[in-house]
Amino acid sequence: MSMYDEMVARFRDEIDLKDRFYKFKLYKASFTGEDAVGRLLQTHHARDTVDACKIGAVRIKNGVFRHVTGEHMLEGRFNVSSLIAPPSL
């Protein structure tokens with residue numbers, strides 16, 4: 001398993017994935033930006049909210065996850081993001 005695959009698998013294990021609605025559409029296995037930021041802080045991957053949002057931006061850029069409509073980067077407030085995993089996971 002590559003380092004990328006391990007990072008995606010670890011994030012998937014750490015985040016609470018649920019089916020959620022955003023703009024009246026259902027997105028399966030999704031999480032909020034607030035949850036992602038909180039998890040990055042709890043696991044000490046980020047020093048503060050600003051740092052967590054920067055880490056989230058890198059993960060979005062690298063395709064670890066994306067905003068369900070592509071409208072936003074990771075934000076600490078409610079915004080639903082959807083996890084993207086390589087086919088091998």
Side-chain angles (χ1 to χ4, degrees):
M1 183 181 280
S2 73
M3 186 183 301
Y4 173 80
D5 291 344
E6 288 177 20
M7 180 177 61
V8 171
R10 190 171 44 251
F11 188 79
R12 178 177 275 175
D13 290 341
E14 292 173 354
I15 200 76
D16 187 23
L17 299 175
K18 296 179 184 176
D19 295 347
R20 301 173 191 269
F21 283 92
Y22 183 73
K23 296 188 178 180
F24 305 105
K25 184 174 178 184
L26 177 66
Y27 293 94
K28 296 193 175 277
S30 59
F31 58 92
T32 66
E34 183 177 18
D35 290 344
V37 166
R39 194 66 194 145
L40 288 167
L41 292 169
Q42 288 175 344
T43 57
H44 305 288
H45 288 111
R47 294 182 307 263
D48 55 30
T49 302
V50 172
D51 192 35
C53 289
K54 288 178 184 177
I55 291 168
V58 170
R59 289 183 176 183
I60 288 171
K61 183 178 179 182
N62 291 329
V64 175
F65 56 84
R66 65 175 177 82
H67 185 269
V68 292
T69 64
E71 296 173 348
H72 304 283
M73 296 302 279
L74 183 68
E75 301 169 5
R77 62 183 175 80
F78 180 81
N79 99 355
V80 179
S81 297
S82 179
L83 184 68
I84 295 179
S88 60
L89 290 181

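In what follows, every heavy atom counts, from backbone to side chain, and hydrogens, waters and symmetry copies are set aside.
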| request: Compare every heavy atom of L41 with every heavy atom of A46, then report the nearest pair and how far apart it is. | output: O-CD2, 3.6 Å
| note | Sequence neighbours excluded, the answer for side-chain contact (heavy atoms from CB on, under 4.5 Å) partners of D48 is V50, D51
| query | Between the main-chain N or O of I15 and the side-chain N or O of R39, is there a donor-acceptor pair closer than 3.5 Å? | reply | no
| request: Sequence neighbours left out, what passes side-chain hydrogen bond (donor to acceptor under 3.5 Å, both in side chains) with R59? Give chain and number order. | output: none
| query | Can you check whether A29's main-chain N or O pairs, donor with acceptor, with D19's side chain at less than 3.5 Å? | reply | yes
| Spacing of NE2 belonging to H45 relative to CD1 belonging to I55, to within rounding of 0.5 Å | 8.0 Å
| request: Could you tell me the separation between the CZ atom of R10 and the OG1 atom of T43, rounded to the nearest 0.5 Å? | output: 9.0 Å
| query | Partners of D13 by side-chain contact (heavy atoms from CB on, under 4.5 Å), sequence neighbours excluded? | reply | none
| Min side-chain heavy-atom separation I60-F65 under 4.5 Å | yes
| message | With rounding to the nearest 0.5 angstrom, report the OG1 to CD distance, T49 to E34. | response | 10.0 Å
| field | With sequence neighbours excluded, residues passing salt bridge (Lys or Arg N to Asp or Glu O under 4.0 Å) with K18 | value | D16
